A.B. asks: 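Take this structure first; my questions come after.
Just so you know, residue 1 is the first one in the sequence shown, and it goes up from there. Both counts, for ligands and for their atoms, begin at 1 and track the order of listing. The structure presented is a predicted model; accordingly, all values stated were derived computationally and were not measured.
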Amino acid sequence: MMNAFDPTQDRRAFLRTAMGLAAGASAWPMLAAAAGGAAAADAASGTSSSSATALQSGARRSVIIDCDPGQDDAIAILFALGASERLDVRAITTVAGNVPLNLTERNARIVRDWAERTQSLPVYAGCPRPLTRELITAANVHGKTGLEGVPLHEPLAPLAPQHAVAFLIDALRAAPPHSVTLCALGPLTNLATAFTEAPEIRNGIREIVLMGGAFFERGNITPAAEFNIYVDPQAAQVVFASGVPIVVLPRDVAVKAPITPARIAPIRALGNRCGTMAADIMAAEVAYQKGRRGVEEAPMYDPCATGYLIEPSLFKGREVNVMIETVGEWTLGETVVDWSGHSGRKPNATWITEVDADGFYAALRARLATLP
Ligand code: RIB
Ligand code: CA
């Protein structure tokens, strides 16, 4: 019987056929072992760790990056891979967003080649379109390939065979309680589909750190909405209603750590492959903004999310209630943040609004320096 209130019901049927969900098979026994210590301690104390707590305890965080590369996604992935003593990036899952899925998954495989993680970092392809809306992309910003600004090679290795949603379900089912951090850098379609298909997997998540939304800053795809949320507002609604701890890096903070030529120069001066790729991508982002707005700077979007995981002390925010507008004719995809607590609704996210921008770029440069 179709559930009138569950827009993803038909997608559950799709998932069962398209993925052939293997019941019981664990995708990730190593995670259970590796994260057993920290997560088991958390579970015993009944608390779920925050990034700051994780760093205090020195625990290396198991991370899955869900993304839509995408120029800034590429830099965010490199940033995370360069912080391997803090983040254990176990997989990349990809979703349609900046460009269609056939390009976002290809670009994720290209980026892992740059970091020479081809054989040790699986890339999964996920949902090719939002839960209910038609896909809109940002190819006008990121270029036809999605990685405007850098030469692209043929990826050196194929995708992992499983659908990203099936992988997320299997991996989170196998994970100890509150042990996996999901870093979401694109539309939230994969996460929402996994939560709908297997709600119990939320127990395996430590927190979701996502780039998305806008409150004090206005939208970048419509006057009211930021791109990641606007592409799939229904998915965002599922994620923000999930009860999982969420940290949001919105446009509000991305515009406070702008990319500028002066900040690109020290990264280009590293002279390594990943520093050069990041510098070329950032230069392309600034060039786009110069052409469109006449200013030589660009918001630093997705790397703020991985930067938060690596150095949370560089950021400040507030626990608030965030609701997603899913029907507004002019405000579809707006993140309605109850900053002053007027609504009486329970907080469901930490909304980051401040960043030490110079500290952020110093951390980014230091991490890129550790890569090939
Ligand atoms: O609004 C910025 C977000 O949309 C970033 O994640 C960028 O990659 C695009 O996906
Ligand atoms: Ca993105």
A.B. asks: Counting heavy atoms only, which part of Ile221 comes closer than 4.0 Å to ligand 1: side chain, backbone, both or neither?
C.D. replies: neither
A.B. asks: Of the protein's non-hydrogen atoms, which lies at the shortest distance from atom 8 (O) of ligand 1, and what is that distance?
C.D. replies: Asp72 OD1, 2.6 Å
A.B. asks: Does either side chain, that of Arg202 or that of Ser242, offer a donor lying less than 3.5 Å from an acceptor on the other one?
C.D. replies: no
A.B. asks: Can you tell me if an N/O/S atom from Asp72 lies under 3.0 Å from the Ca ion (ligand 2)?
C.D. replies: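 Asp72 does not place any N, O or S atom closer than 3.0 Å to the Ca ion (ligand 2).
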A.B. asks: Is any N or O atom of Leu185, backbone or side chain, closer than 3.5 Å to an N or O atom of ligand 1?
C.D. replies: yes
A.B. asks: Would you say the side-chain atoms of Asp232 and Thr189 include a donor-acceptor pair closer than 3.5 Å?
C.D. replies: yes
A.B. asks: Any donor-acceptor pair under 3.5 Å linking the side-chain atoms of Ser120 with those of Arg117?
C.D. replies: yes
A.B. asks: Suppose I only count heavy atoms of Met211 and a 4.0 Å limit; which atoms of ligand 1 are within that range?
C.D. replies: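 So the answer, numbered in order with elements, is 2 (C), 3 (C), 5 (C), 6 (O).
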A.B. asks: Quiz question: by atom type and distance under 3.5 Å, do the side chains of Tyr301 and Asn228 form a donor-acceptor pair?
C.D. replies: no
A.B. asks: Any idea which protein heavy atom is nearest atom 9 (C) of ligand 1, and the distance to it?
C.D. replies: Asn98 OD1, 3.0 Å
A.B. asks: May I ask you to list the atoms of ligand 1 that are less than 4.0 angstrom from any heavy atom of Phe227?
C.D. replies: 1 (O), 4 (O), 9 (C), 10 (O)
A.B. asks: By number and element, which atoms of ligand 1 are closer than 4.0 Å to a non-hydrogen atom of Asp73?
C.D. replies: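 So the atoms of ligand 1 that pass are 8 (O).
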A.B. asks: If you consider just the N/O/S atoms, which atom of Asp302 is the closest one to the Ca ion (ligand 2)?
C.D. replies: OD2
A.B. asks: Counting non-hydrogen protein atoms only, what is the nearest one to atom 1 (O) of ligand 1? Give residue, atom name and distance.
C.D. replies: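 Of every protein heavy atom, Glu226 OE2, 2.5 Å lies nearest to atom 1 (O) of ligand 1.
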A.B. asks: Before giving the answer on side chain to side chain donor-acceptor pair (under 3.5 Å), spell out for Asp252 and Thr353 the whole-Å C-alpha distance, their side-chain angles and the decisive distance to 0.1 Å.
C.D. replies: CA-CA 5 Å; Asp252 306 2; Thr353 54; over 6 Å; no
A.B. asks: Please assess Arg318 against Glu354 for the test salt bridge (Lys or Arg N to Asp or Glu O under 4.0 Å), listing each intermediate value before the final yes or no.
C.D. replies: CA-CA 10 Å; Arg318 179 185 294 188; Glu354 302 300 330; over 6 Å; no
A.B. asks: Check the pair Ser343 / Asn321 against side chain to side chain donor-acceptor pair (under 3.5 Å), numbers first and verdict last.
C.D. replies: CA-CA 8 Å; Ser343 72; Asn321 178 270; 4.7 Å; no
A.B. asks: With a cut-off of 3.0 Å, does Phe227 put an N/O/S atom close enough to the Ca ion (ligand 2)?
C.D. replies: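 Looking at Phe227, which is the residue asked about, there is no N, O or S atom under 3.0 Å from the Ca ion (ligand 2).
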A.B. asks: Would you mind telling me which of Asn107, Thr104, Asp73, Thr137 makes a side chain to side chain donor-acceptor pair (under 3.5 Å) with Asn98?
C.D. replies: Asp73
A.B. asks: Check whether Phe360 forms a cation-pi arrangement with Arg263 (NZ or CZ under 6.0 Å from the six-membered ring centre, at most 45° off the ring normal).
C.D. replies: no
A.B. asks: Considering non-hydrogen atoms of the protein only, which is the closest contact for atom 10 (O) of ligand 1, and what is the distance?
C.D. replies: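 Ranked first by proximity to atom 10 (O) of ligand 1 is Asn228 OD1, 2.8 Å.
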A.B. asks: Do Val238 and Leu188 have side chains that approach each other closer than 4.5 Å (heavy atoms only, starting at C-beta)?
C.D. replies: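 SC-SC contact between Val238 and Leu188 ruled out.
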A.B. asks: Measuring from the Ca ion (ligand 2), name the closest N, O or S atom belonging to Asp68.
C.D. replies: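 Going by distance to the Ca ion (ligand 2), the closest N, O or S atom in Asp68 is OD1.
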A.B. asks: Starting from atom 6 (O) of ligand 1, what is the nearest protein heavy atom, named by residue and atom, and what distance separates them?
C.D. replies: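 Ranking protein heavy atoms by distance from atom 6 (O) of ligand 1, first comes Asp302 OD1, 2.6 Å.
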A.B. asks: Flag Tyr301 as yes when one of its N or O atoms lies below 3.5 Å from any N or O atom of ligand 1, and as no otherwise.
C.D. replies: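 No.
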